[in-house]
Amino acid sequence: MTEAQVIRRIVKPVIWVAGLAPFAWQVWAFFTGHLEAEPVKGMEHFTGRTALTILFITLAVTPLRRLTQRNSLIKVRRLIGLFAFFYGLVHFSIFLVFDLELSFRDLAEEIVKRPYITVGFGVLLILTTLAVTSPLFMVRKLGKRWQKLHRLIYLAAVGGVVHFLWAQKKDIRLPLIYGAVLLVLLGVRLLPALRTPRARRTVPETG
Ligand code: HEM
């Protein structure tokens with residue numbers, strides 16, 4: 001099998017199964033009464049962490065590609081990124097349906113009044129923009145602007161950590177750990193960029 005076939009026949013199906021597993025688990029827990037004592041909070045925490053974790057995995061693809069020198073890895077980045085968007089959307093929908101009972105007036109109030117919701121909403125808007133502009137025809141249509149636009153993923157990741165930190169009432173250890181991981185991910189991406197003169201950075205990174 002060629003590398004492209006391995007990606008298509010093995011890696012992508014594995015990502016689909018792994019990406020849908022947390023969702024399937026939540027749906028099962030919801031319908032069989034296996035959620036936590038505070039079910040809505042439990043679902044919000046689970047889906048929020050899953051979204052942020054998958055966003056980090058998306059950010060890790062490029063350094064991993066450079067490290068292993070397997071350029072075809074870029075082909076799975078889009079799929080993983082779409083799962084981050086999916087869980088962000090599920091997370092938001094749980095808040096909208098169960099906490100706000102679908103009141104968009106209350107949603108607007110929450111966005112204005114609570115800074116962590118404002119940031120979460122901003123992150124979701126970025127993830128939506130990236131998801132909508134991720135198909136190949138959009139990459140072609142936007143040309144050079146595509147790469148610039150997709151750098152917003154860094155802002156989304158930073159916003160995600162700030163949202164996580166702000167949402168905590170007491171224990172901030174976990175969001176701090178996420179923050180430290182993000183620093184490492186941003187660091188390993190910045191290093192080659194600092195070492196390589198601009199003109200030599202020619203490989204477009206889409207996918
Ligand atoms: C409009 C968009 C969003 C809304 C309304 C929202 C709302 C919430 C709420 C209500 C909580 C629970 C806070 C509590 O414990 O009382 C929460 C936590 C969290 N959210 Fe969001 N969120 C949004 C977007 C996002 C996005 C896009 C991400 C990830 C990329 C995210 C990641 C998280 C994380 C990691 C937590 C903390 C989970 C934990 O405590 O274990 N949120 N969010």
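As the structure lists them, so they are numbered: ligands from 1, and atoms in each ligand from 1. FYI, the numbering just counts along the sequence from 1.
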**Q** If we set the cut-off at 4.0 Å for heavy atoms, which region of Y87 has an atom near ligand 1: side chain, backbone, both, or neither?
**A** neither
**Q** In the protein, which heavy atom is nearest to atom 3 (C) of ligand 1, and how far is it?
**A** G120 C, 4.0 Å
**Q** If you count the atoms of ligand 1 from 1 in the order shown, which ones are under 4.0 Å from a heavy atom of Q168?
**A** 37 (C), 39 (C), 40 (O)
**Q** With a 3.5 Å distance limit and no angle check, can you tell me whether W146 reaches the backbone of T133 through a side-chain donor-acceptor pair?
**A**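 Indeed, once roles are kept as given, a pair shorter than 3.5 Å links the two residues.
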**Q** Of all the non-hydrogen atoms in the protein, which one sits nearest to atom 31 (C) of ligand 1, and at what distance?
**A**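 Going by distance alone, atom 31 (C) of ligand 1 is nearest to H163 CD2, 3.4 Å.
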**Q** If you measure from each heavy atom of G160 to ligand 1, is any distance below 4.0 Å?
**A**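 No, G160 has no heavy atom closer than 4.0 Å to ligand 1.
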**Q** Does T62 offer a backbone N or O that forms a donor-acceptor pair with the side chain of R77 under 3.5 Å?
**A**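 The answer is no, because no donor-acceptor pair under 3.5 Å joins these two groups.
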**Q** Nearest heavy atom to atom 27 (C) of ligand 1: which of V123, L52, V119 does it belong to?
**A**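 That would be V123.
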**Q** Taking the side chain as C-beta and beyond, is there a heavy-atom pair between F164 and L174 under 4.5 Å?
**A**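 Of all side-chain heavy-atom pairs linking L174 with F164, at least one is under 4.5 Å.
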**Q** State whether the number of non-hydrogen atoms from other residues, nucleotides or ligands found under 6.0 Å of Q69 atom CD is greater than 12.
**A**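 Result for CD/Q69: open.
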**Q** List the closest protein heavy-atom neighbour of atom 29 (C) of ligand 1: residue, atom name, distance to the nearest 0.1 Å.
**A**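 The answer is A51 CB, 3.7 Å.
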**Q** To the closest 0.5 Å, what do you measure between CZ (R189) and CD1 (I153)?
**A**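 If I round to the nearest 0.5 Å, the distance is 8.0 Å.
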**Q** What part of R49, side chain from CB on, backbone N/CA/C/O, both or neither, has a heavy atom under 4.0 Å from ligand 1?
**A** both
**Q** Heavy-atom contacts under 4.0 Å between E110 and ligand 1: side chain, backbone, both, or neither?
**A** neither
**Q** Counting N and O atoms only, with roles assigned by atom type, does the side chain of T118 sit under 3.5 Å from a partner on the main chain of I111, one being a donor and the other an acceptor?
**A** yes
**Q** Can you tell me which residue among V119, L182, L176, L183 is in a side-chain contact (heavy atoms from CB on, under 4.5 Å) with V161?
**A**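 Only one of V119, L182, L176, L183 forms a side-chain contact (heavy atoms from CB on, under 4.5 Å) with V161, namely L182.
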**Q** Tell me the protein heavy atom at minimum distance from atom 14 (C) of ligand 1, and give that distance in Å.
**A** K169 NZ, 3.5 Å
**Q** Is there a path of hydrophobic side-chain contacts, each under 4.5 Å between heavy atoms, that joins V6 and V76?
**A**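 Yes, one cluster joins them.
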**Q** Could you list the atoms of ligand 1 found under 4.0 angstrom from a heavy atom of K41?
**A**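 Listed by number with element: 14 (C), 15 (O), 16 (O).
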**Q** List the closest protein heavy-atom neighbour of atom 36 (C) of ligand 1: residue, atom name, distance to the nearest 0.1 Å.
**A** F164 CD2, 4.2 Å
**Q** Measuring only between side-chain heavy atoms, which start at C-beta, is T47 closer than 4.5 Å to F23?
**A**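 Contact flag for T47/F23 side chains = no.
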**Q** Considering H45, H91, E44 one by one, which has a heavy atom nearer to atom 8 (C) of ligand 1 than any of the others?
**A** H91
**Q** Just wondering, do T53 and Y178 contact through their side chains at under 4.5 Å, heavy atoms?
**A** yes
**Q** Checking contacts here: is it the side chain or the backbone of F92 that comes within 4.0 Å of ligand 1, counting heavy atoms only? Could be both or neither.
**A**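 The answer is the side chain of F92.
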**Q** Out of Y116, F95, F121, F98, indicate the one that has the non-hydrogen atom closest to atom 11 (C) of ligand 1.
**A**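 It is Y116 whose heavy atom sits nearest to atom 11 (C) of ligand 1.
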